[in-house]
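In what follows, a single structure is set out as structure tokens and then discussed.
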Amino acid sequence: MSLYDEGHTVAGWTGVALATVGTSVAGAGVCAGSGVLVGTGLGGVVLSGLVTWVLHLAGWGKPPGVRPRAEWGMRVRDAHARGGHPGCLGCRLAGRGRRSDGALSVAAASVVRDGTGVEVRGAAVVGAGARADVGRGAS
């Protein structure tokens, strides 16, 4: 199982099932030459996205990122969904997204000569506070 466990939720599986039915109906419409079936199928695909979004906001989805193994089950509801997940586009579209603690901006790299023939290269991190982990690799 993946460390991130993305998509193994009621919202994810419901959305995939509805999208599969929608694309199947649209495909049958293409084969039959029926614009009504194609339109109905594409409407089903749009509906699958909306249903997935609503289920995510109701707590049946998972936020992006690493979660504890105890919260990996499909039947585990997310108690923090009402407040919004940081970095989640769906929560931000619903007006629930929390803002991050501070903006992170990286200034252009600077080169300083220290008189010994060695160049010191670096970048300044502005506004990140204790969260600045630029250049530390994967954390």
Side-chain angles (χ1 to χ4, degrees):
M1 195 176 258
S2 169
L3 177 66
Y4 290 93
D5 189 41
E6 296 285 344
H8 302 288
T9 63
V10 173
W13 283 108
T14 302
V16 167
L18 290 174
T20 300
V21 170
T23 55
S24 297
V25 170
V30 168
C31 292
S34 171
V36 173
L37 280 179
V38 171
T40 302
L42 293 178
V45 172
V46 170
L47 179 68
S48 74
L50 292 175
V51 167
T52 303
W53 185 38
V54 168
L55 286 172
H56 172 78
L57 294 176
W60 291 109
K62 292 182 181 176
V66 179
R67 293 173 52 88
R69 188 174 286 273
E71 297 178 10
W72 282 11
M74 271 189 58
R75 295 182 184 169
V76 177
R77 196 164 180 186
D78 184 16
H80 304 292
R82 290 225 180 254
H85 302 114
C88 177
L89 176 63
C91 289
R92 275 188 280 148
L93 288 174
R96 293 184 181 178
R98 291 180 242 174
R99 300 279 184 223
S100 60
D101 294 335
L104 177 66
S105 62
V106 179
S110 60
V111 178
V112 178
R113 298 186 192 280
D114 63 357
T116 62
V118 177
E119 294 180 354
V120 179
R121 298 178 184 264
V125 178
V126 180
R131 298 179 322 112
D133 54 351
V134 175
R136 291 188 197 165
S139 52

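- Side-chain atoms of Leu42 and Val46, non-hydrogen and from C-beta on, never get closer than 4.5 Å to each other.
- Taking both residues in full, the closest heavy atoms of Ala81 and Gly59 are given as CB-CA, 3.6 Å, listed atom of the first, atom of the second, then distance.
- Nearest heavy-atom pair across Arg96 and Arg82 is CD-O, 3.6 Å.
- Atoms CG and CZ, from Leu55 and Arg77 in turn, are 9.0 Å apart once rounded to the nearest 0.5 Å.
- A single hydrophobic cluster is not seen to contain both Val45 and Val25; linkage of ILVMFWY side chains at heavy-atom distances under 4.5 Å, directly or through other members, places them apart.
- The distance from atom CG of Leu57 to atom CG of Leu93, rounded to the nearest 0.5 Å, is 9.0 Å.
- For the residue pair Ser48 and Leu18, the shortest heavy atom distance occurs at CB-CB, 3.5 Å.
- Atom CH2 of residue Trp53 and atom CG of residue Leu89 lie 9.5 Å apart, to the nearest 0.5 angstrom.
- When the side chains of ILVMFWY residues are joined at heavy-atom separations under 4.5 Å, either directly or via intervening members, Trp60 and Val76 end up in two distinct hydrophobic clusters.
- Within the 4.5 Å cutoff, the side chain of Thr52 has no heavy atoms near those of the Thr14 side chain.
- In this structure, Thr40 OG1 and Leu47 CG are separated by 12.0 Å, a value rounded to the nearest 0.5 Å.
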